[in-house]
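In what follows, a structure is listed as structure tokens, so that the remarks can point back to it.
Naming convention: chains lettered A, B, ... in sequence-line order (proteins, then strands); numbering from 1 in each chain. Computed from a prediction, not measured in an experiment: that's the story for all the values here.
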Amino acid sequence: MSTLTTRANDYSQWYNDLILKGGLADHSSVRGCMVIKPYGYALWENMRNQLDRMFKETGHQNAYFPIFIPKSLFEAEEKNAEGFAKECAIVTHYRLKTDPDNKGKLIVDPAAKLEEELIVRPTSEAIIWNTYKGWIQSYRDLPLLINQWANVVRWEMRTRLFLRTAEFLWQEGHTAHATKEEAIEETVKMLDVYATFLEEYMALPVIKGVKTPNERFAGAEDTYCIEAMMQDGKALQAGTSHFLGQNFAKAFDVKFAAKDNTMEYVWATSWGVSTRLIGALVMAHSDDQGLVLPPRIAPLQVVIVPIFNKDAEARQRIDNKAQTLMSELRAKGISVKYDDDDTSRPGWKFAEYELKGVPVRIALGARDIENNQAEVARRDTKEKASYSLDGLTENMAQLLEDIQQNLYNRALQFREENTRKADSWDEFVEMLDDKGGFIAAHWDGTSETEEKIKEMTKATIRCIPLNNEQEEGKCILTGNPSKERVLFARAY
RNA sequence: CGGGAAGUAGCGCAGGCCGGUAGCGCAUCUGGUUUGGGACCAGGGGGUCGCAGGUUCGAAUCCUGUCUUCCCGACCA
């Protein structure tokens, strides 16, 4: 019987409790690395499968590149290398040997030093563009649309389960195009894919936008992003899509023969989302009773809990009905579990499945069978209602859709309520400290001002929203002229 | 890398100041009664107290060193 920390009491602790007690992941004995447990991994698989489908529908293919990147390749694109240099794990040796001074222990064999160090990939542009050089000769080879599902390592100072771990799972798309326009189009297209996925499957509304130069991916010309709002009013960058220009093509000398027989550098994009999305999901929808998972990606959509009593015949009737119901639901493509485990009681199960965020719970007892009904509880609102057993399957399919929609609406409403305009510095600071959330404010467009605001308030420019309304105004800090508002927030 | 906390049974913790050979709750196992919101009774099992030294007749406890993890900052998806 575990009690969860409440959101109001300690939001961070609540988040940690949910991940650990909800069975999504555990800390491991490796600093900053987590073990993703079956339930968490099932969630990731559902997300991954859907994204993978969407990538393929937009013409991409999967491939796999090495986890190690020779240092000389890694440093080829200077800005990219610089950006990641301070958080890289590096392989320097390839062999251990027994310690002559300490039986049973191993030491790194100094004789097995590598000629050239290998970088454990923090991102794969380098190794991929080094490979693309051999794949691209002509405009006929373009566009090249590749995605990879992989793990990467970033040696972060401070880690948090799912939100920032030293090793994480992600996908990284790496595409090559003949023209700048086409590459930009791809960048935006994939941003849209991400936004669609988050909104339709994760029930999480996002703001699409462009990063300021300060926040741009190392080596990119432009970084597009989707930003989501968590329940504590902080922003979370949920995905990025980069227009890389010709930076990597130049660094790795990837040219193609154009139709007019001239040699040109290839245009590139890269885009990714990671297991961080699971953190976003948890922080956006869950409550003090546990996880709340959107039906479309929940590992388990419906759980049937039988309420038995001493009456063996009644037990048989309940069991039969539950089995029938289960196969009907499965036939409709709904994932369902019948929990007839006799070692724990109904009340325990109710609490457990609430903790796990299962969207719908059906309780079935002798009383229900007699009345030809079932008690249905939805996780999002915790409402309970009696449903007739006739047509229950169809109603459950509809209920799952309703829950999906409700979660989205709720998150959208929350974001709208917590998005404000600030027109002066005092107002800006007050809103930030008082309410948090997104603040739309004028900014003079300089990195210096952005840095200063960050230092003073810890708020960063999350993005310049796409299709942003143009409006004359004055920078909240400097008073210099500005043509549009940008979105500020404190962020994860 | 700075600041804080913690390592004792699977999990959560007490014991430590005042040294005497380890305890509580949950979980687990056995038997039984139960089952509409985290059941109850009875019995049982499980720990070289993070690691290495030292002090002592004797160390979870005192001393020295060391490792690790977590939390808060700076860095980042």
- Message: Please compare A/F217 and A/L161 by the position of their nearest nucleotide in RNA chain B and report the one closer to 5'.
- Response: A/L161
- Winner on side-chain proximity to A/R276, out of B/G37, B/U35, B/A77, is B/A77
- Query: Between B/C71 and A/N16, is there an OP1 or OP2 to side-chain N/O distance shorter than 4.0 Å?
  - Reply: yes
- Item | Protein-nucleotide distance (A/L364, atom CG; B/G36, atom C1'), rounded to Å | 12 Å
- Item | Spacing of A/Q373 atom CD relative to B/G36 atom C1', expressed in whole Å | 12 Å
- Item | Strand partner of B/U56, provided both Watson-Crick or wobble distances fall under 3.5 Å | none
- Message: Please give the distance between the C1' atoms of B/C17 and B/U61 as a whole number of Å.
- Response: 10 Å
- How is A/T165 classified with respect to the nucleic acid when contacts are heavy atoms under 4.0 Å: base, sugar-phosphate, or nothing? base
- Task: Rounded to the nearest angstrom, tell me the gap between atom CD in A/E87 and atom C1' in B/A77.
- Result: 9 Å
- Message: Quick check for you: among B/G37, B/U35, B/A77, whose closest atom lies nearest to any side-chain atom of A/S274?
- Response: B/A77
- Message: Strictly by Watson-Crick or wobble contacts shorter than 3.5 Å, is anything paired with B/A14, and which nucleotide is it?
- Response: none
- Query: Who does B/G7 pair with, Watson-Crick or G-U, both distances under 3.5 Å?
  - Reply: B/C67
- Relative to A/Y224, does A/K208 satisfy both conditions: NZ or CZ under 6.0 angstrom from the six-membered ring centre, and within 45 degrees of the ring's axis? no
- Assign A/L163 to base, sugar-phosphate, or nothing according to its heavy-atom contacts below 4.0 angstrom with the strands shown. base
- Query: Which base, if any, makes a Watson-Crick or G-U wobble pair with B/G47, both distances under 3.5 Å?
  - Reply: none
- Query: Between the side chains of A/E45 and A/N49, does any donor sit under 3.5 Å from an acceptor?
  - Reply: no
- Which is true for A/D342 with a 4.0 Å heavy-atom rule: it touches a base, it touches only sugar-phosphate, or it touches nothing? base
- Task: Compare the minimum distances between each of B/U35, B/A77, B/G73 and the side chain of A/I307, then state the nucleotide with the smallest one.
- Result: B/U35
- Query: What interatomic distance, in whole Å, is found between C1' of B/A6 and the corresponding atom of B/G50?
  - Reply: 11 Å
- Message: For the C1' atoms, the ones on B/G2 and on B/U48, what distance do you get once it is rounded to whole angstrom?
- Response: 36 Å
- State whether A/F350 and A/R361 meet the cation-pi test: NZ (Lys) or CZ (Arg) under 6.0 Å from the six-membered ring centroid, and within 45° of the perpendicular axis. yes
- Query: Do A/K384 and B/G37 have a side chain to base donor-acceptor pair shorter than 3.5 Å?
  - Reply: yes
- Message: Please check: side-chain N/O of A/T460 versus main-chain N/O of A/R462, any donor-acceptor pairing under 3.5 Å?
- Response: no
- Calculate the interatomic distance between A/L20 atom CG and B/C71 atom P; express it in whole Å. 9 Å
- Ring centres under 6.0 angstrom apart (A/F55, A/F197): no
- Inter-nucleotide P distance (B/U8, B/A60), Å rounded: 15 Å
- Message: Which is more 5' along RNA chain B, the nucleotide nearest A/M157 or the one nearest A/A366? Just name the residue.
- Response: A/A366
- Item | hbond_proxy A/D368 side chain to B/G36 base (donor-acceptor, 3.5 Å cutoff) | yes
- Message: Between B/G47 and B/A22, how far apart are the two P atoms, rounded to whole Å?
- Response: 12 Å
- Item | Watson-Crick or G-U counterpart of B/C1, or none if no pair lies under 3.5 Å | B/G73
- Please tell me if the side chains of A/P122 and A/V152 come closer than 4.5 Å, counting only heavy atoms from C-beta onward. no
- Per atom distances to the A/A351 side chain, the nearest of B/U35, B/U69, B/G38 is B/G38
- Message: Would you say the rings of A/F428 and A/F488 are close, in the sense that their centroids are separated by under 6.0 Å?
- Response: yes
- Task: Indicate, yes or no, whether a donor-acceptor pair under 3.5 Å links the base of B/G37 to the side chain of A/R361.
- Result: yes
- Message: Once you apply a heavy-atom cut-off of 4.0 Å, does A/S12 come out as touching a base, just sugar-phosphate, or nothing?
- Response: sugar-phosphate
- In terms of side-chain heavy atoms, does A/Q148 have a donor or acceptor partner in A/Y64 at a distance below 3.5 Å? no
- Report which part of the nucleic acid A/K86 touches: base, sugar-phosphate, or nothing (heavy-atom distance under 4.0 Å, all strands). sugar-phosphate
- Query: What nucleotide, of B/G38, B/G73, B/U35, holds the atom closest to the side chain of A/K310?
  - Reply: B/U35
- Query: How far does the P atom of B/C18 sit from the matching atom of B/C24, given to the nearest Å?
  - Reply: 26 Å
- Query: How long is the line joining CG of A/L355 and P of B/C26, in whole Å?
  - Reply: 19 Å
- Query: Between A/A284 and A/M230, what is the shortest heavy-atom contact and its length?
  - Reply: N-SD, 4.2 Å
- Item | Among B/A77, B/G36, B/C75, the nucleotide that comes nearest once only the side chain of A/R367 is considered | B/G36
- Query: Rounding to the closest angstrom, what is the interatomic distance between B/G19 and B/C1 at atom C1'?
  - Reply: 39 Å
- Please determine, for the side chain of A/R31, which listed nucleotide (B/U69, B/G38, B/A77) has the closest atom? B/U69
- Distance in angstrom units between A/K21 NZ and B/C11 C1', rounded: 9 Å
- Query: Looking across every strand, which nucleic acid part, if any, lies under 4.0 Å from A/E375 by heavy atom: base, sugar-phosphate, or nothing?
  - Reply: base
- Across every strand shown, the nucleotide meeting Watson-Crick or G-U wobble geometry with B/A22 (both distances under 3.5 Å) is none
- Query: If we call it a pair only when both distances are under 3.5 Å in a Watson-Crick or G-U wobble match, what pairs with B/G36?
  - Reply: none
- Message: Given B/G36, B/G37, B/G73, identify the nucleotide with an atom nearest to the side chain of A/R345.
- Response: B/G36
- Query: Does B/A42 have a Watson-Crick or wobble partner in any strand here, with both distances under 3.5 angstrom, and which is it?
  - Reply: B/U30
- Task: Please report, rounded to the nearest Å, how far the P atom of B/G36 is from the CZ atom of A/R315.
- Result: 13 Å
- Item | Whole-Å gap separating P (B/A27) and CD (A/E352) | 13 Å
- Task: Rounded to whole angstrom, note down the P distance from B/C62 over to B/G46.
- Result: 28 Å
- Shortest side-chain distance from A/E156, nucleotide among B/C75, B/U35, B/C70: B/C75
